[in-house]
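For reference, the structure discussed in these notes is given below.
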Amino acid sequence: MQIAICDDIQKELETIRAALDTYTETHPELHFDIDEYNAAKDILNAVEKGKTYDIALLDICMPGVLGTDVAEEMLSKSPDMGIVFLSLSAEYVVTAFELNATHYLLKPFSQDQFNAALDRAVKKTEDQHFLSLACVDGMYRVSVGKIVSIESQKHYLVINLSSGEILKLRMKLSQMFEKMQNYPGFIKVGASYVVNLVFVRRISGNTLEMFNGIKISIPRRSSEEVQKIYMDFCRKEALR
């Protein structure tokens, strides 16, 4: 699981990391990749570049940007992310739970309180949809929400994940697209691509620009339809 910690006070950041390390020691079945940030702008820059997380541990009162604003931006890219807010005050509890936060921890917190918060966040992540894929280098269990795009290359499919990882498997694009139709936000673009609209940065002319830098040409015959689907998707996301 990809986890982000963000707190502008170094001592607090170290406290959160220590609590997370203790939690990890008592849950050997879990594997966490952890990124630490001590400024809201840094985590926002990472998200803007396409970085996504399963769980975010966010301080609320940070200079310039509230943790709730950071969470809102992160959720626009990873709607199923588990969020644990940490604060010295209960002032932002209502706002936090309007964002569907999994937990709100008041500082200072005990290890038991932290464990309870992480248990809820982990459960939310584990309840997400996963695909088991027989790739050329072994079996992978992939979170559907982490799939950025799927490209057909001859007899293989190349799957780009939000982590930057690339998977390759032998399958027809039509077969994969049939699977992806069970999940919202995936569309077929031309004969070679299936894309996750969550990771589309913009449509420029007849080109889809993804957050990871990939540019996908839209066939002229389907350009209008793809643009309409994308705009409808954006409107629904704005009303979430």
Side-chain angles (χ1 to χ4, degrees), residues 1-24 27 30-107 109 111 113-130 143-146 148 161-165 196 198-199 211-212 237 240:
M1 298 180 188
Q2 305 291 321
I3 296 186
I5 307 172
C6 187
D7 197 304
D8 64 298
I9 300 175
Q10 183 61 30
K11 185 177 179 180
E12 297 288 349
L13 189 65
E14 292 170 0
T15 298
I16 298 167
R17 178 58 191 259
L20 184 55
D21 287 343
T22 299
Y23 181 87
T24 303
H27 294 78
L30 300 175
H31 176 70
F32 297 143
D33 288 329
I34 303 167
D35 291 336
E36 299 179 20
Y37 301 92
N38 54 23
K41 63 179 178 60
D42 292 337
I43 192 171
L44 288 173
N45 286 340
V47 171
E48 177 67 22
K49 293 175 181 177
K51 183 70 175 178
T52 60
Y53 292 97
D54 299 298
I55 297 170
L57 306 172
L58 303 174
D59 180 36
I60 288 187
C61 295
M62 294 184 284
V65 183
L66 290 174
T68 48
D69 294 328
V70 173
E72 189 171 4
E73 180 64 23
M74 295 179 76
L75 285 168
S76 71
K77 308 296 188 299
S78 302
D80 296 319
M81 181 181 65
I83 304 171
V84 177
F85 286 113
L86 304 101
S87 178
L88 290 168
S89 164
E91 179 182 355
Y92 297 95
V93 167
V94 173
T95 303
F97 287 102
E98 284 177 350
L99 291 169
N100 200 27
T102 54
H103 212 91
Y104 192 105
L105 275 176
L106 286 175
K107 301 176 183 178
F109 51 82
Q111 185 66 45
Q113 290 171 326
F114 184 87
N115 291 349
L118 259 290
D119 283 344
R120 293 180 64 180
V122 167
K123 184 179 185 304
K124 181 175 182 179
T125 296
E126 291 181 335
D127 286 344
Q128 293 178 34
H129 297 293
F130 287 85
S143 171
V144 171
K146 299 295 181 65
V148 176
L161 303 180
S162 58
S163 63
E165 190 174 10
N196 186 348
V198 168
F199 296 103
F211 274 95
N212 61 359
E237 288 296 297
R240 283 173 65 92

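Here the structure is a predicted model, which means the values were calculated and not measured.
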Could you state the interatomic distance from OH (Tyr53) to CG (Asp35), rounded to the nearest 0.5 Å? 3.5 Å
How close do Thr52 and Ser78 get, counting heavy atoms only, and between which atoms? CB-OG, 3.2 Å
Excluding sequence neighbours, so at least two apart, what forms side-chain hydrogen bond (donor to acceptor under 3.5 Å, both in side chains) with Glu73? Lys77
Taking the side chain as every heavy atom from C-beta outward, state whether Thr68 and Phe85 have any atom pair closer than 4.5 Å. yes
How many angstroms lie between atom OH of Tyr37 and atom CG of Leu58, to the nearest 0.5 angstrom? 11.0 Å
Inter-residue atom distance Asp69.CG - Ile60.CD1, 0.5 Å rounding: 10.0 Å
The side chain to side chain contact (heavy atoms under 4.5 Å, CB included) partner of Leu118 among Leu30, Leu105, Leu20 is Leu20
What pair of heavy atoms forms the shortest contact from Phe114 to Leu57, and how long is it? CZ-CD1, 4.1 Å
What pairs of donor and acceptor atoms, side-chain ones from residues 5-15 against any protein atom, are under 3.5 angstrom apart with sequence neighbours left out?
unit_1, atom_1, unit_2, atom_2, d
Asp7, OD1, Ile9, N, 3.0
Asp7, OD2, Lys107, NZ, 2.7
Gln10, NE2, Glu14, OE2, 3.2
Thr15, OG1, Lys11, O, 3.0

Minimum heavy-atom distance between Val65 and Ala40, given as atom pair plus value: CB-CB, 3.9 Å
If I take atom CD from residue Glu72 and atom CG from residue Leu66, how far apart are they, to the nearest 0.5 angstrom? 11.0 Å
Which atom of Asn196 lies closest to which atom of Val144, heavy atoms considered: ND2-O, 4.2 Å
Run Ile83 and Leu75 through side chain to side chain contact (heavy atoms under 4.5 Å, CB included) and show every step you take. CA-CA 9 Å; Ile83 304 171; Leu75 285 168; 3.4 Å; yes
Under 3.5 Å, is there a donor-acceptor pair between the side chain of Ser162 and the main chain of Lys51? no
Which residues share a salt bridge (Lys or Arg N to Asp or Glu O under 4.0 Å) with Asp119, sequence neighbours left out: none
Within a strict 4.5 Å, meaning less than it, do heavy atoms of the Ile3 and Asp54 side chains meet? no
For Cys61 and Tyr92, work out which heavy atoms get closest and say how close. SG-CE1, 3.7 Å
Could you check whether the rings of Tyr23 and Phe32 sit parallel, tilted or perpendicular, using 30° and 60° as the cut-offs? parallel
Show your reasoning for whether side-chain hydrogen bond (donor to acceptor under 3.5 Å, both in side chains) applies to Asp33 and Gln2. CA-CA 5 Å; Asp33 288 329; Gln2 305 291 321; 3.1 Å; yes
Gap separating the CE atom of Met62 from the CD1 atom of Ile43, nearest 0.5 angstrom: 7.5 Å
CG of Leu99 to CE of Met81: how many Å apart, nearest 0.5 Å? 9.0 Å
Closest contact, heavy atoms only, Tyr104 versus Ser89: OH-O, 2.7 Å
